[in-house]
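Okay, so here's the structure we're looking at.
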Amino acid sequence: MARAAPPRPGNVTALAGLIAARIAAAGPISLADYMAECLLHPEHGYYATRDPLGAGGDFTTAPEISQMFGELLGLWLVKSWQDQGSPAPFVLAEPGPGRGTLMADTLRAARLVPGFGAAARLHLVEASPALRAVQADRLAGHAPRWHTGIESLPDAPLFLIANEFFDALPIRQFVRRGGGWAERMVGLEDGRLAFGLARPVPIVALNHRLADTSDADVVEICPAAGPAIAEIARRIATCGGAALIIDYGAGPSLGDTFQALRAHRPEHPLASPGAADLTAHVDFVALAHAARSVPGVQVCGPLAQGALLERLGIGARAAALARRLTGPALESHLAAYRRLTHREEMGTLFRALALVPAGAPLPPGFA
Ligand code: SAH
């Protein structure tokens with residue numbers, strides 16, 4: 001979440017060599033192409049090759065910080081499911097499930113309501129073979145099925161949660177030059193990967209940003225995000241269901257948010273392709289707009305993560321868990337509660353967006 005460190009000399013990974021060869025042969029590539037190579041290259045991609053989460057990894061996420069996060073999202077799903085008449089069977093889906101921790105906590109909390117687990121058919125959207133193996137182990141009792149995209153989920157009422165999925169989708173960056181936009185590219189300088197700018201051209205998809213930006217401003221677009229959320233919205237509008245999407249960012253996009261994290265430290269995004277996590281802030285204005293363009297869906301929020309968790313009862317849950325703890329375990333539990341909710345930690349930087357069918361009751365926390 002901090003800004004990237006200054007450039008580091010040399011791109012040392014095997015993937016850096018492959019990307020440099022591609023650029024030498026065919027010219028500079030967009031940040032989106034660079035990000036996709038770094039994250040998803042089948043042999044050297046960051047997600048393709050490892051489990052990056054947790055203390056021994058490169059970054060951590062809300063479900064890895066505390067079980068309370070998944071439990072409250074589980075209760076959110078159960079209530080939304082009951083509000084729509086408890087349809088059975090239904091698709092319980094999670095894009096980008098990481099280690100499966102969020103879904104495991106969600107399903108455990110949902111056991112409070114008999115019928116939910118029995119009606120749920122678990123579908124996971126995951127690109128990484130390494131993480132699929134971790135999820136298979138963690139969720140073995142729930143017979144998950146895997147998909148490479150949201151499009152192939154079965155047609156049925158869809159109850160979906162996604163945490164830090166959209167921030168991993170590749171972005172493109174543009175620098176405003178008068179009435180046009182110069183795309184930020186990855187090229188070569190003295191044989192090493194380096195940022196450069198393409199010639200400015202008008203970009204139809206950014207016409208509306210001419211009104212709220214000035215010369216030299218940077219804006220980002222995430223080409224895969226709109227189609228992904230529209231697909232979720234279309235299924236909810238036609239089959240029923242609910243989606244809760246949590247990620248960091250605000251919007252409308254303004255400024256360079258492209259960042260690399262390695263061993264919990266920021267580094268230059270070109271420093272070690274394939275060995276660092278690459279993300280960008282999620283533009284919730286664009287995401288909500290893409291969802292709203294689908295007829296028959298109600299878009300709720302975005303709402304700050306801290307506010308949502310407080311409204312879902314994290315205070316009472318934290319107090320109940322605290323009663324069983326003492327010493328360092330109690331301290332780390334209270335630190336986790338603060339980390340998830342406090343405005344100086346994840347409380348306002350992260351936001352939640354919810355989708356339900358038009359006319360359905362507003363989901364918990366969004367009323
Ligand atoms: N939701 C988890 C993990 C977040 S990390 C948590 O909160 O802990 C991002 C997750 O999205 C990983 O599981 C990663 O492998 C997956 N992912 C990233 N890009 C993807 C893509 N294009 N398609 C499918 N899954 C992707």
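Order of listing sets the numbers, starting from 1, for every ligand and every atom in it.
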Polar contacts were defined as any N/O atom of the residue lying under 3.5 Å from an N/O atom of the ligand; does this apply to [X] and ligand 1?
X      : result
Asn163 : yes
Gly98  : yes
Thr61  : yes

Which residue and heavy atom of the protein sit nearest [atom], plus the separation:
atom                    : value
atom 5 (S) of ligand 1  : Tyr47 OH, 3.7 Å
atom 17 (N) of ligand 1 : Glu126 OE2, 4.2 Å
atom 4 (C) of ligand 1  : Glu164 O, 3.5 Å
atom 26 (C) of ligand 1 : Phe165 CE1, 3.8 Å

Salt bridge check, [Y] against [X]: does any charged N sit closer than 4.0 Å to a carboxylate O?
X      : Y      : result
Arg209 : Asp217 : no
Arg192 : Glu189 : no
Arg22  : Glu37  : yes
Arg184 : Asp256 : yes
Asp51  : Arg99  : yes

Next on the checklist: Quick one about Glu164 and Thr61 (side-chain donor to acceptor, distance below 3.5 Å, no hydrogens or angles considered), yes or no?
Outcome noted: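 There is no such pair between these side chains.
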Item to check | Heavy-atom proximity to atom 25 (N) of ligand 1, best of Ala127, Pro129, Ala162 | outcome: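 Checking each option, the heavy atom nearest atom 25 (N) of ligand 1 is found in Ala127.
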Item to check | Identity of the nearest option to atom 22 (N) of ligand 1, non-hydrogen atoms only, from Leu39, Ile161, Leu40, Val134 | outcome: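 Looking at heavy atoms only, the winner is Leu40.
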Checklist entry - Is Val125 reachable from Leu287 through a run of hydrophobic residues whose side-chain heavy atoms are each under 4.5 Å from the next? => result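 Looking at the clustering, Val125 is in the same group as Leu287.
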Give a yes/no verdict on whether any heavy atom in [X] is under 4.0 Å from an atom of ligand 1.
X      : answer
Leu131 : yes
Leu169 : yes
Thr60  : no

Next on the checklist: Are His281 and Phe350, when compared by the centres of their aromatic rings, separated by less than 6.0 Å?
Outcome noted: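 When the ring centroids of His281 and Phe350 are compared, they turn out to be at least 6.0 Å apart.
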